[in-house]
Amino acid sequence: MAQHSLIRPEGAASDWTIPQNWAAYTAEDHATWDILFERQAALLPGRVTPEFIAGLDVLRLSKPGIPDFEELSERLMKATGWQVVAVPGLVPDDIFFDHLANRRFVSGNFIRRRDQLDYLQEPDVFHDVFGHVPLLAHPVFADYMQAYGEGGQRAAQAGVIEKLARLYWYTVEFGLVRSGDELKLYGAGIVSSYTESLFALDDPSPNRIGFDLRRLMRTKYRIDDFQQNYFVIDSFEDLLDQTLNTDFGPLYAELEGQADIEIETILPGDHVFTRGTQAYARAKAA
Ligand code: PHE
Ligand code: FE
């Protein structure tokens with residue numbers, strides 16, 4: 001993920017990459033990965049979109065524990081031409097977009113502590129690799145991520161990345177996809193989280209509404225807790241089609257004068273899969 005105004009740490013290259021230094025992980029680091037991996041691998045079948053399960057194979061590497069990015073990139077490169085590169089943590093937007101546009105996914109190289117198994121604020125190697133990499137092995141999603149990077153570069157030029165960031169958030173990080181009359185998970189922020197993998201599908205609190213690009217780009221989101229709203233796409237093909245074939249230039253101009261939509265609002269035109277009770281968010285706020 002990206003963020004504005006960060007200072008490049010000493011030792012990072014001008015593109016913010018660092019050596020992963022796989023040999024420096026401790027036995028405890030690897031065991032933390034294994035615990036998280038086992039837990040999600042047991043939970044996700046039937047909940048996650050089948051393309052994710054198929055993509056998990058790229059993570060089954062010869063060494064146990066945290067994937068070695070060199071080996072991982074070799075496999076991913078064969079599948080879709082993507083690589084995984086290590087960074088110290090969040091990187092600036094322009095650096096992030098440039099990597100994506102060139103089919104390089106940036107991953108934090110550190111792993112969370114044992115007391116952070118269920119929640120941490122900064123994306124670590126488990127979120128970045130387990131959450132994001134399986135779908136990068138899917139040709140359509142792989143193209144979507146590159147197109148997003150290119151779109152980000154254009155949006156940055158125009159100074160309008162806030163709206164585009166919402167698209168990343170509500171698809172790549174917290175997206176749901178329709179499968180017949182069921183919903184499935186695909187967003188990395190959900191699938192790398194045990195608790196949100198349950199909440200996002202089963203809890204009556206959040207709204208779940210159909211993907212609508214204009215509507216989505218006006219909708220606020222929260223970064224500090226479970227989402228109050230999830231957008232549901234029809235398929236990866238449809239997501240790529242709608243975003244790639246829309247020139248966002250005029251869209252940004254059109255959205256400029258329009259007010260943001262509050263996170264829990266349901267509009268008359270929405271395709272509502274779930275009208276959430278918002279009980280969870282309300283209890284938290286009280
Ligand atoms: N089509 C968008 C633009 O014109 C870019 C984009 C493509 C954004 C795919 C997200 C996903 O800027
Ligand atoms: Fe992420």
Side-chain angles (χ1 to χ4, degrees), residues 1-3 36 40 48 52 55 82 84-91 93-112 119-136 138-175 185-193 196-197 200 211-214 216-217 221-224 227 231 233 235-256:
M1 270 294 271
Q3 196 171 285
L36 291 164
Q40 290 313 93
V48 76
F52 181 92
W82 274 79
V84 178
V85 295
V87 292
L90 294 171
V91 302
D93 297 311
D94 58 329
I95 299 286
F96 182 67
F97 295 142
D98 183 66
H99 282 299
L100 291 184
N102 290 287
R103 290 173 104 87
R104 288 187 302 265
F105 192 76
V106 297
S107 170
N109 77 330
F110 70 98
I111 192 149
R112 66 195 70 183
Y119 187 78
L120 83 168
Q121 192 97 27
E122 261 214 300
D124 71 339
V125 64
F126 186 76
H127 166 79
D128 282 333
V129 170
F130 183 90
H132 287 282
V133 169
L135 283 184
L136 286 172
H138 185 268
V140 174
F141 200 81
D143 286 353
Y144 174 68
M145 291 292 277
Q146 180 188 348
Y148 184 90
E150 292 164 352
Q153 292 177 320
R154 282 194 295 273
Q157 289 284 318
V160 290
I161 54 175
E162 198 202 325
K163 299 274 188 305
L164 189 68
R166 289 174 176 165
L167 178 61
Y168 193 88
W169 192 263
Y170 278 122
T171 60
V172 179
E173 294 292 352
F174 291 98
L185 311 172
Y186 76 89
I190 305 175
V191 302
S192 62
S193 160
E196 196 150 359
S197 291
F211 177 88
D212 175 320
L213 185 60
R214 281 178 170 71
L216 181 156
M217 288 174 106
Y221 61 85
R222 60 184 307 161
I223 62 165
D224 60 333
Q227 298 304 300
F231 282 100
I233 59 168
S235 65
F236 294 140
E237 286 76 10
D238 184 56
L239 174 63
L240 179 65
D241 200 52
Q242 284 203 47
T243 49
L244 199 62
N245 297 326
T246 301
D247 181 357
F248 282 26
L251 200 56
Y252 295 133
E254 179 190 320
L255 297 178
E256 179 91 32

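Read the numbers this way: they start at 1 and go in the same order the structure lists the ligands and their atoms.
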When you measure from the Fe ion (ligand 2) to each N, O or S atom of Glu173, which atom gives the shortest distance? OE2

Gln40 side chain to Val191 backbone, donor-acceptor under 3.5 Å: yes

Phe96 and Leu90: side chain to side chain contact (heavy atoms under 4.5 Å, CB included), yes or no, with the steps? CA-CA 9 Å; Phe96 182 67; Leu90 294 171; over 6 Å; no

Could you go through ligand 1 and list every pair where one of its N or O atoms sits under 3.5 Å from a protein N or O, giving the atom names and the distance to one decimal?
residue, atom, partner, partner atom, Å
ligand 1, 1 (N), Thr243, O, 2.8
ligand 1, 1 (N), Thr246, O, 2.8
ligand 1, 4 (O), Arg154, NH2, 3.4
ligand 1, 4 (O), Thr246, O, 3.4
ligand 1, 4 (O), Phe248, N, 3.0
ligand 1, 12 (O), Arg154, NE, 3.3
ligand 1, 12 (O), Arg154, NH2, 3.1

Could you go through the salt bridge (Lys or Arg N to Asp or Glu O under 4.0 Å) check for Arg166 and Glu162 one step at a time? CA-CA 7 Å; Arg166 289 174 176 165; Glu162 198 202 325; 3.3 Å; yes

Stepwise ring-ring contact (aromatic ring centres under 6.0 Å, His included) check, Phe130 with Phe52: CA-CA 10 Å; Phe130 183 90; Phe52 181 92; 5.6 Å; yes

Which N, O or S atom of His132 lies nearest to the Fe ion (ligand 2), by name: NE2

Knowing that exactly one of Leu136, Leu135, Leu240 qualifies, which makes a side-chain contact (heavy atoms from CB on, under 4.5 Å) with Met145? Leu136

Could you tell me which non-hydrogen atom of Glu122 sits nearest to which non-hydrogen atom of Gly89, and how far apart they are? OE2-CA, 4.1 Å

With sequence neighbours excluded, tell me which residues meet salt bridge (Lys or Arg N to Asp or Glu O under 4.0 Å) with Arg104. Asp98

